[in-house]
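Only one structure is covered here, and it is reproduced in the block below.
We number each residue from 1, following the sequence as shown.
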Amino acid sequence: MPALLDVSVNRRPRLRVWLDLGLRSAWLGPLLTVLITFGGALVTGLLVAKAGLVVGIVFAGLPAVVIVTAIVYARPISGLYAAVGVSFFGPGLSRYVPAPTGLMLDGFLVLTLLVIALRWREGRYDATRLHNVFVFMALAWLGLTALQLANPLAPGPVAWFYAGRGTTFYVIQTAIVALLLIQRKAQLQRLIWIWLGLSFVGTLWGMKQLFIGLDGAEQAWLSVPGNLSTHVLFGKLRVFSFYSDAGQFGAAQGCVGIVGLILAVGPYPLKRRILYGLLGLAGVYGLLISGTRGAMAVPAAGGVTYLLLSRNIKMMVIGALAILALYSVLMFTSIGSGIYAVQRFRAGLKSGSDNNSLKVRHENQAKLKAWLAGNPLGGGIGSAGSWGKRFAPGTFLAELALDSWYVRLMAEYGRYGMWLYVLGLLAVLAGAARRMLAVKDRALQHTLLALLAGACGIAAASYGNQVLGQMPTSPFIYVSIAACYLGPYLDRETQDDALHGDKAA
């Protein structure tokens with residue numbers, strides 16, 4: 001035993017000598033830095049040479065992953081901020097980087113959920129926040145999506161995973177994360193600013209495409225036959241910015257427009273209202289240059305939602321007159337006929353023999369209904385649209401043009417599945433409206449009303465385009481709905497502040 005003690009005692013001085021040498025030597029720190037950097041670069045280069053660029057990028061990004069994980073663990077709400085942020089750039093980055101950049105959103109949501117699970121015992125989270133229609137309907141839809149794995153027509157589990165992200169996984173993940181992590185009004189406000197700010201960047205990038213031109217990656221994407229025929233009409237570019245396509249860009253910008261303009265008339269400081277108004281007008285401009293006629297439903301349905309739920313008779317009359325005046329100008333006059341965007345939207349309001357696009361949609365829906373008569377369960381997750389072309393090329397659903405979000409759901413889930421989704425969505429929006437109307441803080445209620453109006457607008461526009469299941473619209477819409485369900489909880493913050501203020505006084 002003494003000998004062992006002697007050995008341990010003798011080793012400590014040697015260790016201290018080496019540590020002292022390292023700390024006192026001015027050359028050792030820089031040398032280690034050079035060696036580590038050179039070694040990391042060498043390993044990254046070998047990985048790129050042997051396994052490809054994607055593997056090399058993943059290895060080089062490991063330090064960033066460690067840092068991000070540490071930040072999210074220390075402050076879980078930052079994971080939700082990041083999820084909303086990266087949802088903007090995932091589709092656009094895929095044009096420049098040969099990697100599944102869209103999975104960044106999935107990564108942040110899963111990471112944040114893991115952090116919540118690991119820190120649950122700390123007592124930070126209130127499980128009663130999850131006891132609402134939003135979560136219940138999301139879980140029911142998740143169950144139906146899981147059952148679709150057994151659909152004999154389904155392309156397989158890989159297609160189920162990729163396509164199920166937009167239809168199901170984002171809903172339940174974002175709902176749980178937002179309901180548990182948004183605990184202060186300041187956090188909700190920060191999310192709104194992130195969304196508005198990045199949307200404004202999207203408008204600026206769209207203006208760059210319109211007035212300066214497309215870069216090489218955007219031109220390569222546009223050169224794909226399907227993209228070219230839908231984004232260049234009569235020699236005019238339908239602007240898509242860094243979004244997945246012009247339809248998504250137009251609907252997302254329309255949502256920013258109606259939300260921003262509603263916030264601009266809210267009970268806030270003048271400077272904030274002016275900023276809201278400018279961002280809202282930028283969103284309206286983005287909608288116009290996208291040339292997406294179906295996106296007109298976003299400000300229309302959102303505006304109607306605001307007028308009905310605001311319970312302000314004066315605003316309802318003024319709003320109704322404004323909508324009637326705009327409709328009359330587009331339908332019965334030639335004002336603005338020299339502007340291509342106005343021509344597109346004027347044509348979108350007309351139906352019948354002169355609207356070939358609408359006729360084609362109705363024909364495709366008739367074909368789908370005939371096919372569903374013999375396949376009531378649908379074709380399975382990932383069998384329709386762009387995912388169908390990837391995982392089930394040449395099949396009926398993969399080759400059938402399905403512009404509507406709800407028609408795509410009908411194709412994959414069957415008619416009954418689609419109606420379950422629609423009824424569930426209506427129940428969720430009705431529950432959100434009820435929670436919002438129960439809020440007593442006027443400023444908070446107005447904010448929630450603006451978010452709900454945007455959500456209703458997107459739900460309406462999804463009849464003409466597949467916008468509800470795509471980034472960056474879907475994550476923030478689910479955050480908006482969750483915020484309405486959190487209204488009574490956030491309202492208590494106002495009451496507590498008032499109580500503490502009275503005591504302090």
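- Across every non-hydrogen atom of Phe88 and Pro91, the tightest pair is O-CD, 4.0 Å.
- In this structure, Glu218 contributes its side chain and Asp215 its backbone to a donor-acceptor pair below 3.5 Å.
- A cation-pi arrangement, defined by a distance under 6.0 Å to the six-membered ring centre and an angle within 45 degrees of its axis, is present between Arg390 and Tyr162.
- What you find for Phe476 and Leu191 is that their closest heavy atoms are CE1-O, 3.8 Å.
- Atom CZ of Arg442 has 12 or fewer heavy atoms from other residues, nucleotides or ligands within 6.0 Å.
- Aromatic ring centres of Trp205 and Phe249 lie farther apart than the 6.0 Å criterion allows.
- Tyr421 and Thr167 share no donor-acceptor pair across their side chains, judged by distance under 3.5 Å alone.
- Between Ala483 and Leu448, the closest heavy-atom pair is O-CD2, 3.5 Å.
- Taking the ring centroids of Tyr463 and Tyr406, they lie at or beyond the 6.0 Å cut-off.
- Here the side chain of Gln209 pairs no donor or acceptor atom with the backbone of Leu214 at under 3.5 angstrom.
- Residues Leu372 and Gly378 share a closest heavy-atom pair of CD2-CA, 4.0 Å.
- Around NZ of Lys208, the count of heavy atoms belonging to other residues, nucleotides or ligands within 6.0 Å exceeds 12.
- Residues Asp245 and Arg95 share a closest heavy-atom pair of N-NH2, 4.4 Å.
- Heavy atoms from other residues, nucleotides or ligands lying under 6.0 Å from OH of Tyr416 number 12 at most.
- Panel note: side chain Asn132, backbone Val135; a donor-acceptor pair is recorded below 3.5 Å.
- In this structure, the side chain of Gln253 does not engage the main chain of Gly202 through any donor-acceptor pair within 3.5 Å.
- With hydrogens and angles ignored, the 3.5 Å screen pairs a side-chain donor or acceptor of Arg238 with a backbone N or O of Ser290.
- For Phe200, the CZ atom sits in a loose shell: 12 or fewer heavy atoms of surrounding residues, nucleotides or ligands are nearer than 6.0 Å.
- By the neighbour-count criterion of 12 heavy atoms within 6.0 Å, atom CH2 of Trp193 is densely surrounded, having more than that number from other residues, nucleotides or ligands.
- Tested against Phe89, the residues Tyr243, Phe242, Tyr96 include a single ring-ring contact (aromatic ring centres under 6.0 Å, His included) partner, Phe242.
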